[in-house]
There are 2 protein chains.
Amino acid sequence: MTQSPRDGRSRARRVTLADVARKAGVDKAVVSRVVNADPLLNIRPETRARVNAALKELDYRPNVAARSLRTAKAGTVGLFIPDFANPVYAEIITGAETAAADLGCALMVGSSTAGRGARSYLDLLGQGRVDGLLLAGGTITGEEQATLADRGLPWLFVNRRGPGSGRHVILDDVLGARVAVDHLLDLGHRRIAHVGGPPGADTAHRRHDGYATALRSAGLEEDPRLVVQDVYGPDGGVQAVRLLLDGPEPPTAMFVANVASAIGVLSALRARGVSVPEEMSVVAVHDLPLAEHLIPPLTTVRMPLRALGARATKLLLSVPADHPVEEVVREPIELVVRQSTAGPRR
Amino acid sequence: MTQSPRDGRSRARRVTLADVARKAGVDKAVVSRVVNADPLLNIRPETRARVNAALKELDYRPNVAARSLRTAKAGTVGLFIPDFANPVYAEIITGAETAAADLGCALMVGSSTAGRGARSYLDLLGQGRVDGLLLAGGTITGEEQATLADRGLPWLFVNRRGPGSGRHVILDDVLGARVAVDHLLDLGHRRIAHVGGPPGADTAHRRHDGYATALRSAGLEEDPRLVVQDVYGPDGGVQAVRLLLDGPEPPTAMFVANVASAIGVLSALRARGVSVPEEMSVVAVHDLPLAEHLIPPLTTVRMPLRALGARATKLLLSVPADHPVEEVVREPIELVVRQSTAGPRR
DNA sequence: CTGAAAGCGCTTACAG
DNA sequence: CTGAAAGCGCTTACAG
């Protein structure tokens, strides 16, 4: 605790509403209304001009704490993610950040990587630090959810459906998966494996759905030996390749639920001497700048992650906390064909 | 503007200090001192117990806005980065987040990806939203820096030296580069290229320094035709490979200033049929989980990015704004040898 | 050892 | 058309 009087903040006293009011020769209530563009304010143009001049001259900025205290609104939305290192969340964050800024709000992102998990993040939020909380991916315990509800904090699950919450915004993962699998089917593949996400993940569930649906539409039956579930990430992909290639009748193509897993899939295939796409086609969900530079460049399905983050932010801020939100973001999903997919060798 | 009275926040009135005081039968000043563990408070053990019981029973959480208004401290530190998608920043963020939490602070991260750049982020911060600002990477214009100073907001450059600021925390990039280049020298390489970062980047400058120093220590002279500067990122790497391989006397090894560029280097080398490490060794700064799964697995120099983020946060919060900070984080730098480096073919 | 009071900087009915 | 006043929930000298 440095309690020095010269700690840099006290340098110049901040400009307050009262300063502006004095300079403009009006009451601070008037200044407040001008600042907030109160539509009910009926003010003489010359008075408004005087106020605006004073505002500008003194470079007035409202004190956020005072405003928050008075209005019981923080002007901030929280976003909780599992890990900053996951580029999928980077896209969601960017979308949320943009939307929040458009609404005049700040965004406060927290992750569980910092160690203590969602609980300690919730503690930090305290009372009034955020107006609502976006919960992206990861897992929230029942206790944590109860804590949220206790605090009267509106929350919204992003990219996953919460346990019976009825408050979530997701992407059309079923369609995304279908697009990927249809691409493989169009190329002529019939033995198509699915490198799925972890059993607990809602996105994994929905992508598996899309995979099954696509096969069915093509008159194919799902072969359980061709479906592997593992963590999203390179290690999951490595593991999946081992299981799939050691099976009795290996696939000719793989639909990978996540681009991070696909990185592991490509490296494991190479390590085993399986060439892509000649001997194995690979397509994954989520496009990243990286995908183009993998070896070979990876065919992906681009999902509207930014739109997801933006939409979630808007809904969190506009829909009352006790109303249900169950939205699927309908921005276009795009197949990005690169060099990891080709027809099966015959 | 939804002005509905049922907006979810008003559901249950929040518990205030006064509620706790009433329940415990003391004045709220006492509760405040207990909550904040005021060392000057001399309180009868039984009174303290009563207060603590009431605190727990009502599940009291201080109102951050009220506290901030009173103390003129936000309890939040801001971190501004160029892009969430860059995994290097992910590590810095995680370090900062952990340190902030340890100090009882929240972290507010903003990026310039959201469009409007540093200026609009600064506007959002308004007055009192953060106690200080960490500026990682990227570029800050003189005007922006002036704005910062005007607001009396302490700031600190992270992983770069600000223009004459005298307030920064960086890593020992010179050493990191030396470690990488020494590794190549030890393997027997003599024609070692440098795929450097953009001319404006301070880290690029320091890594180039380390490269030059290492060569000199080995009695070698820097060949300007073997040094290429380009953006940090796969595209920069692709570009660099083209320039280097088309030269008169191509290198046998490449020291790449950034792992993101190395991804492009590997893919470009492969596209040109140059095998790694047989015909070309590649080593890059920054280790990522990804590096192990590149083809071939990439040899890297692991830099203490988390420690950097953590240290910067601590310094920002403890060193007065008008004092200089010029620190190099001395956590260990580690060479991670994988399969992209080998002796030169002869 | 504990209480009463002032005040941080705003916003918002209300009065004139 | 503009002003005076109350109050959001804290913290902190100060009084007793």
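In what follows, every chain begins at residue 1, and chains take the letters A, B, ... in the order their sequences are listed. If you're wondering where the values come from, they're calculated on a predicted model, not measured in any experiment.
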Provide the closest heavy-atom pair for A:Leu153 versus A:Val130 in the form atom of the first, atom of the second, distance.
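Nearest pair, atom of A:Leu153 first, then A:Val130: CD1-O, 3.5 Å.
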Closest approach to the side chain of B:Arg33, judged atom by atom: which nucleotide of D:dG3, D:dG9, D:dA13 is it?
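Closest nucleotide to the B:Arg33 side chain: D:dA13.
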Heavy atoms from C-beta onward define the side chain here; which of C:dG9, D:dC1, C:dC10 lies closest to that of A:Tyr60?
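Selected nucleotide: C:dC10.
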Does B:Ile81 offer a backbone N or O that forms a donor-acceptor pair with the side chain of B:Ser111 under 3.5 Å?
no
Would the distance check show the side chain of B:Ser32 and the main-chain N or O of B:Lys28 forming a donor-acceptor pair, the cut-off being under 3.5 Å?
no
Would you please confirm or rule out a distance under 4.0 Å between OP1 or OP2 of [N] and any side-chain N or O of [X]?
| X | N | value |
| --- | --- | --- |
| B:Arg14 | D:dG9 | no |
| B:Arg70 | D:dG9 | no |
| B:Asn63 | D:dG9 | no |
| B:Ser32 | D:dT11 | yes |
| B:Thr71 | D:dC10 | no |

Just call it for A:Ile43: base, sugar-phosphate, or nothing, with non-hydrogen atoms closer than 4.0 Å on any strand.
sugar-phosphate
Answer with base, sugar-phosphate or nothing: what part of the nucleic acid does B:Ser68 contact at a heavy-atom distance below 4.0 Å?
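Nothing, no nucleic acid heavy atom in range.
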About how many Å separate NE2 of A:His168 and CG of A:Asn159, when rounded to the nearest 0.5 Å?
11.0 Å
Assign each of B:Ala29 and A:Leu69 to its nearest nucleotide of DNA chain C by heavy atoms, then name whichever residue's nucleotide is nearer the 5' end.
B:Ala29
In whole Å, what is the span from the NZ atom of B:Lys73 to the P atom of C:dG9?
14 Å
How do B:Ala65 and A:Arg50 order along DNA chain D: which one's closest nucleotide is nearer the 5' end?
A:Arg50
Taking the nucleotide of DNA chain D with the closest heavy atom to each, which residue, A:Lys28 or A:Leu40, is nearer the 5' end?
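Counting from the 5' end, the first nearest nucleotide belongs to A:Leu40.
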Just do the side chain to side chain contact (heavy atoms under 4.5 Å, CB included) check on B:Arg167 and B:Val319 with the steps written out, would you?
CA-CA 10 Å; B:Arg167 303 236 336 152; B:Val319 180; 4.0 Å; yes
For DNA chain C, produce a single dot-bracket line, 5' to 3'. Pairs: Watson-Crick or G-U wobble, both distances under 3.5 Å. Symbols: ( ) within strand, [ ] crossing, | other strand, . unpaired.
|||.||||||||.|||
Please evaluate the base of C:dG3 for a donor-acceptor partner in the side chain of B:Arg22 within a cut-off of under 3.5 Å?
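Answer no: no donor N or O sits under 3.5 Å from an acceptor.
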